[in-house]
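Read through the structure below, which is laid out as structure tokens, and then see the notes.
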Amino acid sequence: MSRFLQGGRLFEDRTPGGPVPRLLMRWVRRPLLPAVRLWRRNLQLRVVAGTLLMSIGVVLLLGFVVIGQVRNGLLDAKSKAAQTQAAGGFAAAQEKANAPLAPGGQGSEGADGMTNSTSWRTELVDQLASGGKNAFNVVALSADSVTEGAGSRAARGSGSVEASSVPERLRQNVSKGQGAFQTYSLIRYSYGNESQPGLVVGKRLYDIDQQPYELYYLFPLTQEEKSLSLVKTTLATAGLFVVVLLGAIAWFVVRQVVTPVRMAAGIAERLSAGKLQERMKVTGEDDIARLGEAFNKMAQNLQLKIQQLEELSRMQRRFVSDVSHELRTPLTTVRMAADVIHEARADFDPVTARSAELLGDQLDRFESLLADLLEISRFDAGAAALEAEPIDLRTVVHRVIGGAEPLAERKGTRILVVGDDQPVIAEADARRVERVLRNLVVNAVEHGEGRDVVVRMGVAQGAVAVAVRDYGVGLKPGEATRVFNRFWRADPARARTTGGTGLGLSIAVEDARLHGGWLQAWGEPGGGSQFRLTLPRTADEPLRGSPIPLEPEDSRRNRENRERDEAGSGTSDDHRLMSVPPQPGAGQRSPLPVPGRGPAVRNGAPSSVHPAALPGNGARVVARQAQERPGGRVGGGVQNSDQEDTTRGY
């Protein structure tokens, strides 16, 4: 772990794509995958969730607007009422200050040491506060009342209100101005009572000694807070009810639309599975009902067309099967007569003898075509049976190569085998596997232009594979998928007298499917092609990959990638992949070593098992770059089918 942390990418370059961030992202995403999958697959959930989110947004917006309007209205009403109440109090205080003095005179001192001015201010606060118990409080302040403490000019207040409840800024405005000033502040109480917000209104006045003092009215906003809380609770309850109601309405409405769509999707899936009698239930006359009727009509027309096509296909298969069987008897008679003529050709003139030889060759071709047609008819009728047993594919490969040696000698081609140093055991039908491999090897020799043919075997986990690689003209883009079609040829204008019957690869791919395996093709123009047969090691076991990659290691793209990697890293690859075997020159064709029907020539490179390659679409073609084509032609990129002189057919 420490070596990973010190030498890994996380501590070298802090790359966010390192292994640790990927593991963290995977750990975070894993519990979210079911919810994401449900969100993507459920239209009703998305619509209802979207409706709820938009409803919540609208309710919140309206709630903020309504609460703001109510709060402003309550504060405005409170402000007007406070100003009216405070104006009356200010007038009463000033009137009392201007009234004649009682006996004793101005500035006289009582027995308790307090001046008439001080007692007058205390009486004034009590008198003004008595008219609004629990509605407001009154505080009288002098310029030095806060700093001097208890004295002749100490603060006077009602209801245990502290003088610090009056903001300093308001006091400054009152001391400098002539009118009434107001502000919002926190009203503090002594004796541990809880503070509460309120409205403070103050004005500068003169007492009986003509000394300036400040008179403040403090109006608590308790009632307004209760009213605003009631409005908030009401709006929240109503908003929640509206959101739930809108969600239920959206769910109900969407259900009316989604349910028929889900029903149509389910019926479409059953139709695609072959249950052509499935129909939608139609009720009403609305748009959904019209959709259901149109869907049912479409399904009925499809069923009729499919039945017609199936009947036509059955007739065609029956015709091919009957014709093939009916032709066997006259063909046997013609074969017997042709054999007699062929045996006596030495007594004929040269022209007649040559005709006898051509007759025998064409009869061989006709018999091969007839056998292929009979085999195809068995596959079409579902009568092909698999006789699987454990076999070693190495034996089958060597037997196929031994049979192809005479053709390889005539073409000047060597057949190399790679990967036969370990058993390649699988449960398969030896006859069908041998037929597939014979077709692939013979095609590779015929179209390999005298270059080597490499047969590679591999086994990994639950699969075995045999790949046949040639270095001939290759396949153009799109041909790797059509090469398995019946009677398909790369060059439609080419005469049918050359090559096979055109059914070999079609039968081969059917044999592979009968085993539950794959037969896939890859090719690039001018770079040869590779056909890969992948079979499960045990019958009825599903395939998840192939031991051999479909694109060979010595393809043009892989070679370019390796050269680019080596040029970028500056180091050679320790695990060097197999390259193209050395090819002899045009006039230096090396003869094929023929060891009887024993094992073929083996490559000295050790075999290796490649990571499992996913099947993909079963075919892959790489476009050819601009280079000299065989025969002096220059190829630039992807070539069309009608622009290739050297074509390949099967």
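Heavy-atom minimum distance, T534 versus A465: OG1-CB, 4.0 Å. Contact record, R262 with N42: NH2-OD1, 2.9 Å, taken as the closest heavy-atom pair. Nearest heavy atom pair, residue A426 against residue V464, reads CB-CG2, 3.7 Å. Considering all non-hydrogen atoms of both residues, V509 and S506 come closest at CG1-O, 3.1 Å. Annotation for F181 and L170: closest pair CB-CD1, 3.6 Å, computed over non-hydrogen atoms. Nearest heavy-atom pair across V483 and A480 is CG1-O, 3.5 Å.
Ion pairing of R513 with E510 is present here, as a side-chain N (NZ or NE/NH1/NH2) and a carboxylate O approach within less than 4.0 Å. Using a 4.0 Å cut-off between charged nitrogen and carboxylate oxygen, R562 and D565 do not count as a salt-bridge pair.
By the 4.5 Å heavy-atom criterion applied to side chains, L228 and E225 are not counted as neighbours. No side-chain heavy atom of N296 sits under 4.5 Å from any side-chain heavy atom of Q300. When side chains are defined from C-beta on, L246 does not count as touching L52, because their heavy atoms never get closer than 4.5 Å. Looking at F295 and V282, their side chains never come closer than 4.5 Å, going by heavy atoms from C-beta outward. When side chains are defined from C-beta on, Q303 counts as touching R279, because their heavy atoms get closer than 4.5 Å. The shortest distance between side-chain heavy atoms of Y184 and P197 does not fall below 4.5 Å. Proximity of T183 to R169: side-chain heavy atoms (C-beta onward) are nowhere separated by under 4.5 Å. Two residues are said to be in side-chain contact when any heavy atoms from C-beta on lie closer than 4.5 Å; W518 and L550 fail this criterion.
Within a 6.0 Å sphere centred on CD of E310, other residues, nucleotides and ligands contribute more than 12 heavy atoms. For NZ of K78, the number of neighbouring non-hydrogen atoms (other residues, nucleotides, ligands) closer than 6.0 Å is greater than 12. More than 12 heavy-atom neighbours from other residues, nucleotides or ligands sit within 6.0 angstrom of CD on Q277. Heavy atoms of other residues, nucleotides or ligands lying less than 6.0 angstrom from CZ of R270 number more than 12.
Side-chain atoms of N72 come within 3.5 Å of backbone atoms of G68 as a donor-acceptor pair (strictly under, hydrogens ignored). One N or O on the side chain of E524 and one on the backbone of R556 form a donor-acceptor pair closer than 3.5 Å. Put simply, the side chain of S79 never gets that close to the backbone of L75: no donor and acceptor are under 3.5 Å apart. A donor-acceptor pair under 3.5 Å links the side-chain atoms of S165 to the main chain of R188, judged by distance alone. The closest donor-acceptor contact from the side chain of R46 to the backbone of R40 lies under 3.5 Å. One N or O on the side chain of E427 and one on the backbone of A539 form a donor-acceptor pair closer than 3.5 Å. Counting only distance, with no hydrogens or angles, the side chain of Q530 and the backbone of P549 share a donor-acceptor pair below 3.5 Å. Judged by distance alone, with hydrogens and angles left aside, the side-chain atoms of S190 form a donor-acceptor pair with the main-chain N or O of S160 at under 3.5 Å. Not a single donor-acceptor pair under 3.5 Å links the side chain of Q196 to the backbone N or O of I187. With hydrogens and angles disregarded, a donor-acceptor distance shorter than 3.5 Å links the side chain of S158 to the backbone of V138.
One distance of note links CZ of F531 with CD of Q520; it measures 11.5 Å at 0.5 Å rounding. Remark: Q44 CD to Q256 CD distance equals 10.0 Å, nearest 0.5 Å. In this structure, CG on L271 lies 7.0 Å from CE on M298, to the nearest 0.5 angstrom. Note: L74 CG to S227 OG = 5.5 Å, rounded to the nearest 0.5 Å. Interatomic distance, L519 CG to L505 CG, rounded to the nearest 0.5 Å: 7.0 Å. Atom CZ of F136 is separated from atom CG of L128 by 7.5 Å, given to the nearest 0.5 angstrom.
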Checking V161 against Y216 for the side-chain contact (heavy atoms from CB on, under 4.5 Å) test, could you report, in this order, the C-alpha distance in whole Å, the side-chain angles of both residues, the deciding distance, and whether it holds?
CA-CA 11 Å; V161 176; Y216 295 95; over 6 Å; no
I'd like to know whether Q182 forms a side-chain hydrogen bond (donor to acceptor under 3.5 Å, both in side chains) with Y217, so could you lay out the CA-CA distance, the side-chain angles of the two residues, the decisive distance to 0.1 Å, and finally the verdict.
CA-CA 9 Å; Q182 68 179 23; Y217 275 79; over 6 Å; no
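The residue from K203, R204, R171 that alone fulfils the side chain to side chain donor-acceptor pair (under 3.5 Å) condition with E214 is R171.
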